[in-house]
Each structure stands twice: as structure tokens, then as C-alpha cells.
Amino acid sequence: MTTDEPNWLDSKVIECQKCGQKLHWLWHSPMYDETFFYCTQCPKRVEIHHYDALVLKLRKLAIEKAEGGGENKWSHKFHSLVEQKLANCECGGSFKYDAPRRCLRCFSVLAQSEPGRDVWPPESTNEKFSLGYQSLSLPTESLIRTENIWLP
Ligand SMILES: [Zn+2]
Ligand SMILES: [Zn+2]
């Protein structure tokens, strides 16, 4: 994979099959130092920073538990350890690595959904994502929860 490719994240605009809302759709960049965990019931997500002390600890634990089982095994373990530590979403859902992606307007599960893809408002570009979805939902909500993401 090369970053010289203009569209290496397969960035495109998709449409929700339920309500017709246009949405920006692309692979989560491996260049990011964070991983998203998506709510199981709404389009919200939490950002897990790879250099967060707790995250580093969980990652180490996951690698130990996977006992040389390879990248797939420890990353799966790592995601489930993180999920156990995350506080619930305001909507009552919980944050999961492979929760289905949802439409930002009608909240229905996107037919195109697959783990590793991110959904953003349609006016986003690769360089600058629009973090609110005020055009799609009232009152204005931030798509990304950054505070109090961990269980006490
Ligand atoms: Zn929709
Ligand atoms: Zn939620």
C-alpha cells in the first residue's frame, strides 16, 4: 500500500439505503494513532489513543495472552479488553470495535458496513473531517466522544 495513491483509503460517497442520506465512507487510515470503537445503537464513536497509558497496558496484556498467536489473535484480544473498559454511550449502547456502522441521519445500519471503515458527514474530505453532524441531526451532537470514555 502506498500513500502516493490519491485514493488509497477508497474514499467515496455512499448513500444510506433507508433514507438516502449521502455519507462519506473510507478505510480507517493506518497512519492514525487512534482506533475507533463504534456504539452498538447510534453513530457515535470513541477514539482510543494508542499512546494512552491504559491502552498501552491493555495492548501489552493482549500480546502476552495471545502467546505468539500472531497479529490477528492479539489485536482481537486487544479489542475485547478495550471494550470491557469502555463506559457506555449516552444512548445506552456500548462501544465495540466491530459494531455495524450506522447512518448519521436515520441511525439505521448501513448495508455497506464493514469493520475498518469509517463513516463521516458528506462534506468531509480526507484532510478535514467534519466532526459535528448538525446538518443531519438536531440538536447538534459531536460524532466522537473524547471525554469520560473509560469506566470509573
Ligand atoms: Zn439513513
Ligand atoms: Zn450510542
Side-chain angles (χ1 to χ4, degrees), residues 1-14 23-104 107-134 136-137 139-152:
M1 201 188 291
T2 158
T3 50
D4 298 335
E5 285 289 321
N7 198 18
W8 66 296
L9 296 176
D10 191 28
S11 160
K12 58 189 165 197
V13 172
I14 60 163
L23 300 158
H24 196 82
W25 187 241
L26 75 169
W27 291 111
H28 188 78
S29 172
M31 316 289 274
Y32 286 172
D33 287 334
E34 65 258 355
T35 301
F36 288 141
F37 284 70
Y38 282 77
C39 177
T40 52
Q41 293 181 23
C42 80
K44 276 210 174 160
R45 61 202 75 168
V46 287
E47 237 179 35
I48 305 303
H49 291 273
H50 297 170
Y51 302 108
D52 183 288
L54 177 60
V55 174
L56 286 172
K57 206 176 96 187
L58 295 177
R59 186 186 157 105
K60 192 161 163 274
L61 193 66
I63 292 173
E64 280 167 19
K65 287 206 172 179
E67 287 165 354
E71 163 120 20
N72 267 343
K73 194 162 176 207
W74 80 254
S75 66
H76 186 77
K77 187 83 209 156
F78 171 64
H79 294 147
S80 74
L81 288 171
V82 170
E83 286 166 2
Q84 287 162 28
K85 298 274 181 198
L86 290 170
N88 277 351
C89 181
E90 294 89 327
C91 80
S94 46
F95 292 103
K96 303 273 184 216
Y97 178 71
D98 54 8
R101 307 312 188 233
R102 287 174 185 272
C103 172
L104 304 185
F107 290 19
S108 53
V109 171
L110 294 165
Q112 298 90 336
S113 180
E114 52 185 320
R117 283 276 190 182
D118 289 327
V119 56
W120 297 97
E123 62 271 25
S124 303
T125 67
N126 283 346
E127 287 76 36
K128 195 176 178 309
F129 294 115
S130 171
L131 295 186
Y133 50 109
Q134 58 271 44
L136 313 179
S137 151
T140 300
E141 295 245 23
S142 173
L143 213 46
I144 301 181
R145 175 153 144 183
T146 51
E147 287 182 4
N148 305 320
I149 65 170
W150 304 107
L151 287 170

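All figures in this text were calculated on a predicted structure; none of them were measured in a lab.
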Indicate every side-chain donor-acceptor pair of residues 144-152 with a distance under 3.5 Å to a residue at least two apart or in another chain.
from: R145; atom 1: NH1; to: N88; atom 2: O; distance (Å): 3.1
from: R145; atom 1: NH1; to: E90; atom 2: OE1; distance (Å): 3.1
from: R145; atom 1: NH2; to: N88; atom 2: O; distance (Å): 3.3
from: R145; atom 1: NH2; to: N148; atom 2: O; distance (Å): 3.0

Heavy-atom side-chain contact between Q84 and L58 under 4.5 Å: no
Spacing of W27 atom CH2 and R117 atom CZ [to the nearest 0.5 Å]: 4.5 Å
Considering all heavy atoms, the nearest C91-C42 contact: SG-SG, 3.9 Å
Neighbour count above 12 (heavy atom, 6.0 Å) for R59 CZ: no
Minimum-distance pair of heavy atoms, taken over all atoms of P43 and L104: CB-CD2, 3.5 Å
Euclidean distance, S80 OG relative to D98 CG, rounded to 0.5 Å: 10.5 Å
R101 charged N/C atom sitting above Y38 aromatic ring, 6.0 Å / 45°: yes
Y32 ring center near H50 ring center (under 6.0 Å): no
Closest non-hydrogen atom pair, C103 against L110: N-CG, 3.7 Å
Inter-residue atom distance R45.CZ - W120.CH2, 0.5 Å rounding: 5.0 Å
Reported CD-to-NZ distance for the pair E67 and K73, which is rounded to 0.5 angstrom: 6.5 Å
A99 versus C39, closest heavy-atom pair with distance: CB-O, 3.7 Å
OG-CH2 distance between S29 and W8, expressed to the nearest 0.5 angstrom: 4.0 Å
Contact check, side chains of P121 and L143, non-hydrogen atoms, under 4.5 Å: yes
F107 versus Q41, closest heavy-atom pair with distance: CD2-O, 4.4 Å
Side chains of L9 and P30 in contact at under 4.5 Å (non-hydrogen atoms): yes
Other residues, nucleotides, ligands: >12 heavy atoms within 6.0 Å of H76 NE2: no
Donor-acceptor contact below 3.5 Å, side chain H28 vs main chain E34: yes
Check: T40 main-chain N/O paired with R102 side-chain donor or acceptor under 3.5 Å: yes
Worked check of side chain to side chain contact (heavy atoms under 4.5 Å, CB included) between V82 and Y97: CA-CA 9 Å; V82 170; Y97 178 71; over 6 Å; no
Donor-acceptor pair, side chain of H79 and main chain of S75, under 3.5 angstrom: yes
I48 CD1 to F78 CZ distance, which is reported to the nearest 0.5 Å: 7.5 Å
Where V109 and P100 come nearest, the two heavy atoms and their spacing: CG1-CB, 3.6 Å
Close side-chain approach of H49 and D33, heavy atoms under 4.5 Å: no
